[in-house]
S.K.: 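Structure incoming, see below.
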Amino acid sequence: MTQAINSTQALYRCLPAMDSLLLIPQVIRFTDQQGKPWIKSLLAQMLKDARQQIAKSRSLPSWCLNQTKIVTELERRLVLALRQSMTPVFNLTGTILHTNLGRSQMCEAAIDAVTKVMRHPVPLEFDMGQGKRGHRDSAISALIHELTGAQSCCIVNNNAAAVLLMLAATSAGKEVIVSRGELVEIGGAFRIPDIMAQAGCKLVEVGCTNRTHLKDYAAAITDNTAAIMKVHTSNYHISGFTKVTEEAELAALCQERGIALISDLGSGALTDLSRFGLSKEPMPQQMLSDGVNLVSFSGDKLLGGPQAGLVVGDSELIAKLQAHPLKRALRCDKMTLAALEATLMQYRNPESLDSLLPIFKKLSRPQPELEQLAEQLLIVCTEFLSHFNVTIKASQTQVGSGSQPDVLLDSVSLCFSQKPDSQLSLQQLDSHFKTAQIPIIGRITANQLWLDLRGSDNDEQLAQVLVQIAANIAAQCSGVSQ
Ligand SMILES: *Cc1c(COP(=O)(O)O)cnc(C)c1O
């Protein structure tokens with residue numbers, strides 16, 4: 001016992017003192033570059049970890065052995081700490097618009113526009129003609145009018161905010177009628193009944209989960225009804241014996257009874273998606289021509305732009321939204337507005353969307369091209385073969401973010417499965433993928449790790465990263481067996 005304590009104390013004594021660490025020439029160079037307080041805190045953490053290791057396993061970490069190893073360990077920690085949390089990854093999950101991976105990627109024009117407004121003063125709320133105060137949504141409003149025929153629009157932080165503002169500004173203190181089949185929950189905390197309550201509206205449910213008729217809506221209208229709201233059931237699909245009341249029918253009813261018809265569209269595709277083999281997603285312009293007064297949708301779902309919520313429609317109602325105190329709290333910054341404007345401009349030429357917007361580029365990529373890519377990557381993957389079987393499998397990609405819940409696009413995946421005698425598990429492989437220089441995010445199902453290639457942005461880079469991961473695994477395994 002005493003001997004054990006003595007030997008532990010001897011180990012503690014082997015730890016270098018902070019002052020001596022700070023005198024190592026390479027460490028001095030780091031402190032010059034990064035500032036002394038931060039480098040000192042990294043060194044303090046190294047010493048703390050070392051003390052913990054001594055207490056736990058009576059051993060010294062190998063970096064304590066000499067100055068070179070100390071510097072290498074410090075450098076390793078520095079590189080990790082300097083890596084930003086939002087580092088680019090390959091999204092090979094099989095879900096193109098992945099909310100946890102930042103939804104839509106932006107077109108080059110949007111990236112360019114954002115860079116400019118970050119760097120320079122811009123007339124965000126400045127009327128260049130008159131030299132007086134302008135409105136931050138007016139440029140987008142003009143574009144939206146051009147593209148959808150909407151009289152006006154209001155831009156906020158996301159579609160959840162758009163629905164909140166739309167309800168608060170048109171219907172606070174009053175009743176809003178919604179079909180029981182459309183009381184949607186979107187991932188997270190967005191539930192229609194909760195948003196209604198937050199907006200100060202009284203939710204009036206009508207119809208049944210599977211069927212709601214025009215007469216159900218008509219019977220629920222009272223003197224205190226402000227609006228009927230339609231909600232796009234974007235993340236589920238009710239089939240079988242069903243009946244939804246279409247917007248055009250509801251518009252006539254609302255007009256007759258003097259109430260508003262508002263719609264939460266969710267995805268809001270501005271272009272027909274049937275050319276990708278996707279079913280027709282309802283489009284805002286269609287809703288407006290059917291007589292809906294206000295339509296809200298996301299900027300970063302099928303629109304392919306930045307996170308934003310757009311409410312488009314009648315100018316009188318939009319003016320109410322613009323004047324509501326919540327608008328000031330929910331408004332977008334110049335970077336979002338610049339990215340949104342640049343994205344919307346691409347829609348002037350629908351033919352070019354497939355090559356310019358990353359979302360459409362991925363959705364429209366021909367299957368044979370993905371098959372060819374898979375063959376090429378399989379050759380690169382030979383290095384993995386000592387531990388894993390790697391095969392090419394047909395798979396299916398989903399659009400994601402509640403867009404087109406039951407539509408899947410054909411795709412091709414690389415599939416990794418563990419060999420019976422391998423010392424590496426699928427989880428370990430996954431963690432090698434996730435800690436690569438450009439992390440690869442795949443999906444583990446049925447004891448296989450799937451990399452869905454429709455998500456690739458850069459095939460050559462993907463190949464390089466796979467080669468690098470294979471090398472890391474080889475190095476790790478040779479280390480283990482020595
Ligand atoms: C996605 C979605 C929302 C939420 O939109 P965010 O942009 O994520 O805030 C609201 N309603 C519907 C129907 C949706 O599909």
Side-chain angles (χ1 to χ4, degrees), residues 99 159-160 162-164 166-167 170-171 174-199 201-222 224-257 259-269 273 278-284 286-298 301-302 309 311 313 398-408:
T99 299
N159 187 40
V163 178
L164 176 69
M166 184 161 72
L167 286 167
T170 64
S171 313
K174 298 202 163 171
E175 292 164 9
V176 178
I177 304 171
V178 184
S179 161
R180 288 201 171 85
E182 297 174 7
L183 294 173
V184 174
E185 172 182 306
I186 308 294
F190 183 89
R191 292 174 140 198
I192 292 297
D194 299 340
I195 293 283
M196 285 268 180
Q198 288 296 325
C201 308
K202 181 162 185 272
L203 167 65
V204 177
E205 302 175 21
V206 295
C208 292
T209 306
N210 57 335
R211 291 170 73 84
T212 304
H213 306 269
L214 185 63
K215 61 177 193 282
D216 296 325
Y217 287 100
I221 298 174
T222 70
N224 201 31
T225 304
I228 288 177
M229 175 152 97
K230 289 282 287 175
V231 185
H232 183 46
T233 55
S234 38
N235 53 7
Y236 63 97
H237 184 73
I238 300 178
S239 61
F241 184 55
T242 60
K243 161 81 187 162
V244 291
T245 308
E246 297 301 335
E247 280 74 5
E249 294 174 84
L250 287 171
L253 173 67
C254 288
Q255 200 162 24
E256 190 190 309
R257 307 291 289 268
I259 59 174
L261 178 59
I262 61 183
S263 167
D264 170 12
L265 256 196
S267 248
L273 300 172
L278 296 175
S279 57
K280 250 192 152 116
E281 184 80 5
M283 301 202 278
Q286 182 61 46
M287 297 273 139
L288 295 171
S289 72
D290 284 348
V292 178
N293 301 110
L294 290 179
V295 182
S296 83
F297 52 98
S298 294
K301 289 185 180 171
L302 283 169
V311 187
Q398 57 179 5
V399 180
S401 281
S403 309
Q404 308 259 344
D406 43 11
V407 182
L408 296 164

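Positions are given from 1, in the same order as the sequence printed here. Below, all heavy atoms of this structure are taken into account, side chains as well, without hydrogens, waters or symmetry copies. Computed from a predicted model, the values in this text were never measured in an experiment.
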S.K.: Tabulate below the donor-acceptor pairs under 3.5 Å that side-chain atoms of residues 241-255 make, not counting sequence neighbours, or state none.
M.R.:
from   : atom 1 : to     : atom 2 : distance (Å)
Thr245 : OG1    : Thr212 : O      : 2.7
Thr245 : OG1    : Leu214 : N      : 3.3
Glu249 : OE2    : Glu246 : N      : 3.3

S.K.: Check whether any side-chain N or O of Asn293 sits under 3.5 Å from a backbone N or O of Leu261 as a donor-acceptor pair, and report yes or no.
M.R.: yes
S.K.: Just verifying a value: how many Å separate Met229 CE and Leu167 CG, rounded to the nearest 0.5 Å?
M.R.: 4.5 Å
S.K.: To the closest 0.5 Å, what do you measure between CG (Asp216) and CD1 (Ile177)?
M.R.: 10.5 Å
S.K.: With a 4.5 Å cut-off on side-chain heavy atoms, are Tyr217 and Ser179 touching?
M.R.: yes
S.K.: For residues 182-197, run the donor-acceptor check on the side chains, cut-off 3.5 Å, and write out each pair with its distance to 0.1 Å, sequence neighbours left out.
M.R.:
from   : atom 1 : to     : atom 2 : distance (Å)
Glu182 : OE1    : Val231 : N      : 3.0
Glu182 : OE2    : Lys230 : NZ     : 2.9
Glu185 : OE1    : Arg191 : NE     : 2.5
Glu185 : OE1    : Arg191 : NH2    : 2.9

S.K.: Would you say the side-chain atoms of Thr222 pair up with the backbone N or O of Asn224, donor to acceptor, closer than 3.5 Å?
M.R.: yes
S.K.: Could you point out which residue of Val292, Val311, Val163 forms a side chain to side chain contact (heavy atoms under 4.5 Å, CB included) with Ser263?
M.R.: Val292
S.K.: CG of Leu164 to CG of Asn159: how many Å apart, nearest 0.5 Å?
M.R.: 11.0 Å
S.K.: With side chain to side chain contact (heavy atoms under 4.5 Å, CB included) as the test, pick out the partner of Val295 among Asp290, Leu265, Ile262.
M.R.: Leu265
S.K.: Rounded to the nearest 0.5 Å, how far apart are OG of Ser289 and CE of Met283?
M.R.: 9.5 Å
S.K.: Please assess Val204 against Thr225 for the test side chain to side chain contact (heavy atoms under 4.5 Å, CB included), listing each intermediate value before the final yes or no.
M.R.: CA-CA 9 Å; Val204 177; Thr225 304; over 6 Å; no
S.K.: I need the minimum non-hydrogen distance between Phe297 and Pro284, along with the two atoms involved.
M.R.: CE2-CG, 3.5 Å
S.K.: Find the distance between CE (Met166) and CG (Leu294) and round it off to the nearest 0.5 Å.
M.R.: 6.5 Å
S.K.: Do you know the tightest heavy-atom contact between Ala226 and Lys174?
M.R.: CB-CB, 3.6 Å
S.K.: Restricting to non-hydrogen atoms, name the atom on Gly181 and the atom on Ile238 that form the minimum distance, rounded to 0.1 Å.
M.R.: O-CD1, 4.0 Å
